Amino acid sequence: MSKDGEKVPLTPSRRSGSSDPDPAEPIPSVLTDTLDRPLRDLRISVTDRCNFRCTYCMPRQAFGRGFQFLARTEILTFEETTRLARIFVACGVGKVRITGGEPLVRRDLEKLIAMLAGIDGLRDLTLTSHRSLLHRKARALKEAGLGRITVSLDSLDNEVFKTMNDVDFPVKRVLDGIEAAVKAGLAPVKVNMVVKKGLNDHNVVQMARYFRDRGQIVRFIEYMDVGNTNGWRLDEVVPAGDIVRAINAQMPLEPLDPDYRGEVAKRYRYKDGSGEIGVIASVTQPFCGDCTRARLSADGKLYTCLFATKGHDLRSLLRAGSTDEEIAEFLRSVWKARDDRYSDLRSSQTPDLPKIEMSYVGG
Ligand code: SAM
């Protein structure tokens with residue numbers, strides 16, 4: 001029982017042998033923060049490692065040979081991750097996205113997917129990957145219970161893409177991964193493109209057209225000041241409004257209503273009915289007021305904002321033998337105190353504030 005009398009049931013409220021709800025069990029209340037934002041989504045980073053060195057995320061100068069990644073013992077086991085995910089679901093989370101680093105570099109990831117897919121009440125289980133390993137894993141992930149997948153691909157131009165991933169990785173192999181995912185039934189596939197001025201903004205319309213013709217949804221992401229290593233500058237951000245205008249000039253668009261509160265992407269559909277795109281405008285049109293996301297780092301810290309400086313250590317609670325109820329109570333107290341709204345407050349002063357890296361906390 002929480003201090004103000006609300007109870008988080010950690011198993012479905014059912015009497016054994018009966019399908020009727022137990023009248024003695026309280027109906028769980030919606031857990032909201034100081035800005036009345038419910039806890040709905042959880043992003044789980046399963047590793048801080050990645051085999052790309054995207055210049056906007058893990059620049060080689062900062063994440064080179066000497067970089068100290070998390071040790072294996074620091075990283076949550078699949079059992080620990082699943083236990084925490086179950087507690088988050090009991091506290092209101094309905095959607096879990098697996099991310100990283102690059103989640104597919106975590107060995108046997110499909111075993112974790114199968115464990116998470118078995119959680120009662122989890123409605124949507126998805127994964128973000130740059131797909132370099134996806135062609136080998138797609139079927140196993142689908143069979144394990146993964147619902148759908150988002151792929152990162154910043155350009156269809158090989159030279160531009162290689163400049164951005166900085167490991168000489170060709171576009172073709174990402175496209176092969178997308179095809180493998182489609183064949184495996186991991187649909188709808190979404191494609192994330194981070195747009196950076198002067199680097200790949202001239203590829204926006206080509207990306208939109210290519211994936212529209214294949215029935216896939218591109219989400220154009222404004223380049224963000226995550227972490228402190230990418231040397232972010234406001235004048236390198238291409239505003240989502242410009243992206244939409246450029247596409248609309250060639251393939252007319254109209255806005256769509258959000259599917260649900262807290263949807264990250266603003267959606268548009270092609271007027272000829274041939275599909276849709278999304279734009280994620282965290283810089284020019286911040287959406288903190290509707291942010292329902294918590295993030296769990298690979299070493300078990302809970303973050304309540306992508307731009308946070310400080311996490312809340314759930315791994316210590318797990319490893320010290322806390323009960324599910326005790327961990328749920330801690331989680332509830334963190335969420336209730338949450339007041340983060342970094343993107344609303346972004347200014348010329350904020351990019352230099354110390355922040356966690358996106359490769360650590362998960363995109
Ligand atoms: N490795 C996986 C991948 O590439 O999809 C998952 C992790 S990655 C951090 C998740 C997403 O964050 C990717 O779509 C990536 O392009 C995006 N991202 C990383 N750094 C970013 C930045 N500075 N601004 C905007 N998006 C960024």
Side-chain angles (χ1 to χ4, degrees), residues 43-60 62-63 69 96-106 109 126-134 137 141 146 148-155 160-161 163-167 169 171 173-174 177-178 181 186 189-197 199-201 203 207 217-234 236-240 243 264-265 278-287 293 295-298 303 306-307 342-343 346 350-351 355-363:
R43 301 211 168 175
I44 301 178
S45 171
V46 291
T47 177
D48 60 338
R49 291 168 197 258
C50 186
N51 50 345
F52 281 17
R53 284 294 172 271
C54 297
T55 50
Y56 54 78
C57 185
M58 293 183 80
R60 192 173 286 287
F63 294 89
F69 289 99
V96 167
R97 177 177 296 278
I98 303 299
T99 179
E102 170 48 44
L104 297 188
V105 305
R106 180 84 187 258
L109 186 74
T126 179
L127 178 139
T128 302
S129 164
H130 55 52
R131 289 188 180 237
S132 67
L133 303 165
L134 193 63
K137 289 275 189 177
L141 291 168
L146 189 68
R148 52 196 183 85
I149 190 153
T150 299
V151 180
S152 303
L153 175 64
D154 298 322
S155 177
V160 173
F161 184 51
T163 303
M164 292 181 83
N165 66 53
D166 205 16
V167 290
F169 200 87
V171 171
R173 286 181 58 195
V174 184
I178 294 178
L186 288 168
V189 171
K190 290 184 182 156
V191 179
N192 277 357
M193 173 183 183
V194 176
V195 185
K196 194 170 167 186
K197 194 170 280 175
L199 199 51
N200 64 343
D201 46 340
N203 297 140
M207 281 283 283
I217 301 167
V218 185
R219 301 187 327 162
F220 299 92
I221 308 179
E222 288 181 349
Y223 171 43
M224 293 185 288
D225 49 336
V226 288
N228 293 108
T229 58
N230 63 5
W232 184 87
R233 292 202 331 249
L234 183 58
E236 292 175 330
V237 177
V238 180
I243 294 171
V264 176
V279 289
I280 300 179
S282 155
V283 179
T284 62
Q285 301 162 47
F287 39 84
R293 274 172 300 289
R295 295 167 191 272
L296 182 65
S297 63
Y303 290 90
L306 176 57
F307 301 92
Y342 175 90
S343 293
R346 185 182 279 109
T350 49
K355 293 179 245 111
I356 37 163
E357 293 294 326
M358 196 163 182
S359 55
Y360 163 70
V361 76

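Since we're looking at a predicted model, the values are computed, not measured. We number each residue from 1, following the sequence as shown. Atoms within each ligand, like the ligands themselves, are counted from 1 in listed order.
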Does any N or O in the side chain of [X] come within less than 3.5 Å of the main-chain N or O of [Y], such that one atom is a donor and the other an acceptor?
{"X": "E357", "Y": "G227", "result": "no"}
{"X": "T99", "Y": "G363", "result": "yes"}
{"X": "N165", "Y": "F161", "result": "yes"}
{"X": "E102", "Y": "F52", "result": "no"}
{"X": "W232", "Y": "V226", "result": "no"}
{"X": "R53", "Y": "V167", "result": "no"}
{"X": "R106", "Y": "V46", "result": "yes"}

| request: Give the contacting part of D225 toward ligand 1: side chain, backbone, both or neither, where contact means a heavy-atom distance below 4.0 Å. | output: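 It is neither; nothing of D225 touches ligand 1.
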| What part of T128, side chain from CB on, backbone N/CA/C/O, both or neither, has a heavy atom under 4.0 Å from ligand 1? | both
For [atom], what's the nearest protein heavy-atom neighbour? Residue, atom name and distance, please.
{"atom": "atom 24 (N) of ligand 1", "result": "M224 N, 2.9 Å"}
{"atom": "atom 2 (C) of ligand 1", "result": "E102 OE1, 3.3 Å"}
{"atom": "atom 26 (N) of ligand 1", "result": "V194 CG2, 3.3 Å"}
{"atom": "atom 21 (C) of ligand 1", "result": "Y56 CD1, 3.5 Å"}
{"atom": "atom 17 (C) of ligand 1", "result": "M358 CE, 3.9 Å"}
{"atom": "atom 5 (O) of ligand 1", "result": "S152 OG, 2.5 Å"}
{"atom": "atom 7 (C) of ligand 1", "result": "G101 O, 3.1 Å"}
{"atom": "atom 10 (C) of ligand 1", "result": "G363 CA, 3.6 Å"}

| query | At a 4.0 Å cut-off, with the gap strictly under it, does some heavy atom of S359 reach an atom of ligand 1? | reply | no
| With a 4.0 Å cut-off on heavy atoms, is E222 touching ligand 1? |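 Judged by the 4.0 Å heavy-atom criterion, E222 does count as contacting ligand 1.
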Using a 4.0 Å cutoff against the non-hydrogen atoms of [X], which atoms of ligand 1 qualify?
{"X": "V226", "result": "22 (C), 23 (N)"}
{"X": "N192", "result": "14 (O)"}
{"X": "N230", "result": "23 (N)"}
{"X": "Y223", "result": "23 (N), 24 (N)"}
{"X": "I221", "result": "25 (C), 26 (N)"}

| task | Return yes or no for this condition: an N or O of T99 is under 3.5 Å from an N or O of ligand 1. | result |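 Among all N and O atoms of T99, none is under 3.5 Å from an N or O of ligand 1.
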| Modelled atom types, side-chain donor and acceptor of N200 and S155, under 3.5 Å | no
| With distance as the sole criterion, is a donor-acceptor pair present between the side chains of Y342 and D225 under 3.5 Å? | yes
| Does some side-chain heavy atom of Y223 sit less than 4.5 Å from a side-chain heavy atom of K197? |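 K197 does not reach Y223 side chain to side chain.
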| message | Show, in sequence, the C-alpha distance, side-chain angles and deciding distance for R97 and T150, and conclude whether the side chain to side chain donor-acceptor pair (under 3.5 Å) test is met. | response | CA-CA 10 Å; R97 177 177 296 278; T150 299; 3.1 Å; yes
